[in-house]
A.B. asks: 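Could you have a look at this structure, given as structure tokens, before my questions?
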Amino acid sequence: MPDKKGSAYGTPASDTSFRRNYDLDEYAQKAKVREAAEKEEAKARYEAKLAGKKYYKPMTGDETHTTARREVIDLEANVGKTLLVPAGAGQGKRGRSAGFYCGACDLTFKDNMQWVEHINSMQHLRNVGETGEVKKATAEEVHQRIIEVWERLQEQKKASTTTLKERLELREEEAAKEREARRLKRQDELAKKKAEKEATEKIKVEYGDDVRIEGEHDEDDMMAAMGITGFGTSKKK
């Protein structure tokens with residue numbers, strides 16, 4: 001007769017050792033820390049409201065400077081699509097619901113104007129780890145930026161060419177630039193060799209012919225190491 005107190009697997013019916021055990025003290029401490037942070041934030045929000053200012057998330061020191069947006073905002077990505085939104089998922093702007101959703105701020109906006117204003121706001125910039133301040137560019141950075149814009153414009157110009165004449169003109173310009181680059185490279189190499197030769201001559205003039213220039217006597221040293229002192233003539237006297 002089977003044991004009524006046991007289970008089909010032979011373990012007591014009241015055995016709950018397979019369940020996960022939670023450290024109540026650890027989670028109680030986490031709850032206290034969370035409640036203290038919420039109280040501190042509520043106090044900061046109240047003080048900002050009394051001062052007539054808007055509350056922003058305090059900076060931690062790890063934020064970076066705000067930079068220009070490089071990508072284009074795609075406001076038509078969800079046009080013609082169906083999104084399943086749980087009932088009661090969002091209350092007002094808070095939470096995710098139908099519309100433009102910001103994951104960093106957990107807010108949803110119903111129109112594109114509010115969405116663009118939000119991603120440019122200080123609240124959003126603080127939540128994504130930016131200070132909201134723009135770094136002052138140096139002269140070199142401005143020069144490099146001008147070069148990048150110019151190169152991009154040239155690429156767009158090349159892509160827009162359609163006639164054979166325009167393509168031949170562009171090819172001629174590219175060939176002229178390549179020739180100029182090769183000419184400048186040759187000039188640099190000749191100037192470098194000339195400077196090395198002048199430095200070698202200067203050393204010989206200052207210290208005489210007994211001075212050893214690096215690489216000048218490598219062949220003689222190799223012949224001496226092989227026991228070859230020189231090559232005699234084959235003529236008989």
A.B. asks: Run the side-chain donor-acceptor check on residues 169-185: report pairs under 3.5 Å with partners two or more places apart or on a different chain.
C.D. replies:
unit_1, atom_1, unit_2, atom_2, d
Arg171, NH1, Glu174, OE1, 3.4
Glu174, OE2, Lys158, NZ, 3.3
Glu180, OE1, Arg183, NE, 3.3
Glu180, OE1, Arg183, NH2, 3.4
Glu180, OE2, Arg183, NH2, 2.5

A.B. asks: Taking everything shown except Lys135 itself, do over 12 heavy atoms lie less than 6.0 Å from its NZ?
C.D. replies: no
A.B. asks: Return the CD1 to CG distance between Ile119 and Leu125, rounded to the nearest 0.5 Å.
C.D. replies: 9.5 Å
A.B. asks: Can you sort out the partners of Lys49 under side chain to side chain contact (heavy atoms under 4.5 Å, CB included), two or more places apart, ordered by chain and number?
C.D. replies: none
A.B. asks: Check salt bridge (Lys or Arg N to Asp or Glu O under 4.0 Å) between Lys30 and all other residues, then give those that pass, not counting sequence neighbours.
C.D. replies: Glu26
A.B. asks: At what distance, to the nearest 0.5 angstrom, does CG of Asn127 lie from SG of Cys105?
C.D. replies: 4.0 Å
A.B. asks: Which Ile, Leu, Val, Met, Phe, Trp or Tyr residues join Leu50 in one cluster when any pair of side-chain heavy atoms under 4.5 Å counts as a link?
C.D. replies: Tyr46
A.B. asks: Just jot down the side chain to side chain donor-acceptor pair (under 3.5 Å) partners of Asn112, sequence neighbours excluded, or say none.
C.D. replies: none
A.B. asks: Can you name the side chain to side chain donor-acceptor pair (under 3.5 Å) partners of Gln123, sequence neighbours left out?
C.D. replies: none
A.B. asks: For Tyr22, which fellow cluster members are found when Ile, Leu, Val, Met, Phe, Trp and Tyr are connected by side-chain heavy-atom distances below 4.5 angstrom, either directly or through intermediates?
C.D. replies: Tyr27
A.B. asks: Going by side chain to side chain contact (heavy atoms under 4.5 Å, CB included), name the residues that satisfy it together with Val149, two or more places apart in sequence or in a different chain.
C.D. replies: Arg145, Arg152, Leu153
A.B. asks: What pairs with His118 under ring-ring contact (aromatic ring centres under 6.0 Å, His included), at least two apart in sequence or on another chain?
C.D. replies: Phe109, His124
A.B. asks: About how many Å separate CD of Gln144 and OG1 of Thr138, when rounded to the nearest 0.5 Å?
C.D. replies: 10.0 Å
A.B. asks: Quick one: list whatever passes ring-ring contact (aromatic ring centres under 6.0 Å, His included) with Tyr101, sequence neighbours left out.
C.D. replies: none
A.B. asks: Just to verify, what does Glu41 make a side chain to side chain contact (heavy atoms under 4.5 Å, CB included) with, not counting sequence neighbours?
C.D. replies: Arg45, Tyr55
A.B. asks: I'd like to check Arg34 versus Glu38 (side-chain heavy atoms, cut-off strictly below 4.5 Å). Are they in contact?
C.D. replies: yes
A.B. asks: Ignoring hydrogens and angles, tell me if any N or O in the side chain of Gln114 forms a donor-acceptor pair with the backbone of Asp111 under 3.5 Å.
C.D. replies: no
A.B. asks: I'd like to check the side chain to side chain contact (heavy atoms under 4.5 Å, CB included) partners of Glu40; sequence neighbours left out, ordered by chain and number.
C.D. replies: none
A.B. asks: Nearest 0.5 Å, please: how far is CE in Met122 from CD in Glu130?
C.D. replies: 10.0 Å
